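Counting begins at 1 with the first residue of the sequence. Counting convention: from 1, in listed order, for ligands and their atoms alike. Fair warning: this is a prediction, and the values are worked out from it, not measured in the lab.
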Amino acid sequence: MMCLISIVGTGRVGASIAFLCVSNGLDDVLLVNTTKEKAIGESLDVASAIPANSKFSIRGTDDYSELIGSDIVIIAASVGIYTKHRAENIDHQVAMIKNIAKKIKKYCPSAIVLLVSNPLDVLTYFFQKTTGFSRFKVIGIASSLDTSRFRYYISETLSVPQSSVSNALVLGEHGDSMVPIFSGVSVGDNPLFSMIDSRDTITDNVRNYWRTLRNFKSRSQFGIAKNVFDVVDAIRNKKEISIPASVVLDGEYDEHDVAMGIPVIINQNGVSEIQKIKLDDTESSSLKKSAEKIRSDIKSVHD
Ligand SMILES: NC(=O)c1ccc[n+]([C@@H]2O[C@H](COP(=O)([O-])OP(=O)(O)OC[C@H]3O[C@@H](n4cnc5c(N)ncnc54)[C@H](O)[C@@H]3O)[C@@H](O)[C@H]2O)c1
């Protein structure tokens, strides 16, 4: 069955996601951007990556009514660039997400929605509250990217290939309070804790990855694009994947009324299960603090 994947916000990240969907022949893709020229320009560029044997197409618009029929909507829109932390433009970003949420509810109320825009957990929360969509169909994608960065730093620190690192996971906020979960990680046959003295350096490096990257490049795009693509691919191709992602919580991990990164299983219907994993005391208390940080950001928003 043919599907429509729509991407709202077609800057660096949105266009990179579109490129992966189109070049892998996933589905028809619609790009929606407030600046019509940007949406059309990116669609023309990405259209050259459609494989010759593909039956799918891509188009760009500024007209939200074209979202009708979308099965998956990815939101990568942004009204500004943060420089110090991801919640810098929180009021503007929340106003933007509420506006987009109302349009998605109007034009494609059955879609599975993947959020990418920052501050990720706060926007996932407000999108779900504004639409009233099932919390299992509103998924913030970021902790899987943070997990890729965690795995990268473990591998760099120990000079081992990433393929030998198992069960790396980052939970909590997509922000400075994110919590790398060291206790379950193994490298080859050994627990990570038997190979490092402290978790502090790796934790700082993972939290500051975006700042390090910005010393050399204006903003990230490819890592998040691949992590989003993997989720779209799982939904479309009926695969089941286990990743950390941001979901509005209703008692899981003893948290209510907040969205944050927790381990989930995603299948063709969205989140099929929130997984409960064992954490050590340090991780549990850091995760609680991370939830509190997100909750306080949510409360700080001025309408
Ligand atoms: N989740 C993650 O791990 C992760 C990683 C990287 C970037 N991000 C976030 O993704 C977002 C996009 O980043 P980027 O570098 O592509 O930004 P960008 O500035 O290059 O692109 C944003 C685009 O959104 C458009 N836009 C603004 N408001 C819109 C609206 N209401 N409807 C449709 N389009 C709208 C802008 O015109 C622009 O083209 C940012 O919030 C960024 O912080 C998240």
If you measure every N or O of Val13 against every N or O of ligand 1, does any of those distances drop under 3.5 Å?
yes

Counting heavy atoms only, which of Ser78, Pro119, Gly140 is nearest atom 22 (C) of ligand 1?
Ser78

Sequence-distant partners of Glu88, side chain to side chain donor-acceptor pair (under 3.5 Å), two or more places apart
Thr83

Side chains of Ser218 and Arg12: any donor to acceptor distance under 3.5 Å?
yes

Ligand 1 contact on Leu145 by region, counting heavy-atom pairs under 4.0 Å
side chain

Name each donor-acceptor pair under 3.5 Å that joins a side chain in residues 47-58 to protein atoms two or more places apart or in another chain, with its distance.
unit_1 : atom_1 : unit_2 : atom_2 : d
Ser48  : OG     : Asp45  : O      : 3.4
Ser54  : OG     : Phe56  : N      : 3.0
Ser57  : OG     : Asp28  : OD1    : 3.4

So, the side chain of Ser290 versus the backbone of Leu287: is there a donor-acceptor pair under 3.5 Å, distance only?
no

Tyr64 heavy atom under 4.0 Å from ligand 1:
yes

If you have a sec, work out which protein heavy atom is nearest atom 44 (C) of ligand 1 and how many Å separate them, to one decimal?
Val116 O, 3.0 Å

Are a donor atom and an acceptor atom from the side chains of Gln221 and Ser16 found within less than 3.5 Å of each other?
yes

Considering distance alone, does some N or O of Arg12 sit under 3.5 Å from an N or O of ligand 1?
yes

Relative to the ring of Tyr153, is the ring of Tyr209 parallel (under 30°), tilted (30 to 60°) or perpendicular (over 60°)?
perpendicular

The closest protein heavy-atom partner of atom 21 (O) of ligand 1 is Gly11 CA, 3.2 Å

Side chains of Asn208 and Asp204, donor plus acceptor under 3.5 Å
no

Any idea which protein heavy atom is nearest atom 43 (O) of ligand 1, and the distance to it?
Asn118 ND2, 2.8 Å

For atom 18 (P) of ligand 1, which of the options Arg219, Glu42, Gln221, Met96 provides the nearest non-hydrogen atom?
Arg219

Near Lys84 NZ, under 6.0 Å, is it more than 12 heavy atoms from other residues, nucleotides or ligands?
no

Does Ile141 reach ligand 1 with a nitrogen or oxygen that is under 3.5 Å from one of the ligand's nitrogen or oxygen atoms?
yes

Look only at the side chain of Gln128 and the backbone of Phe133, and say whether a donor-acceptor pair between them is shorter than 3.5 Å.
yes

Ile262, Val185: one ILVMFWY side-chain cluster at the under-4.5 Å cut-off?
no

Measuring from atom 34 (N) of ligand 1, which candidate in Ile17, Asn99, Thr34 has the nearest non-hydrogen atom?
Thr34

Heavy atoms only: which of Leu213, Asn33, Val8 lies closest to atom 36 (C) of ligand 1?
Asn33

Tell me which part of Arg86 gets within contact of ligand 1: side chain, backbone, both or neither, using heavy atoms under 4.0 Å.
neither

Quick one: nearest non-hydrogen protein atom to atom 11 (C) of ligand 1, plus distance?
Ala76 O, 3.8 Å

At a 4.0 Å threshold, what atoms of ligand 1 neighbour a non-hydrogen atom of Ile224?
1 (N), 2 (C), 3 (O), 4 (C), 5 (C), 6 (C)

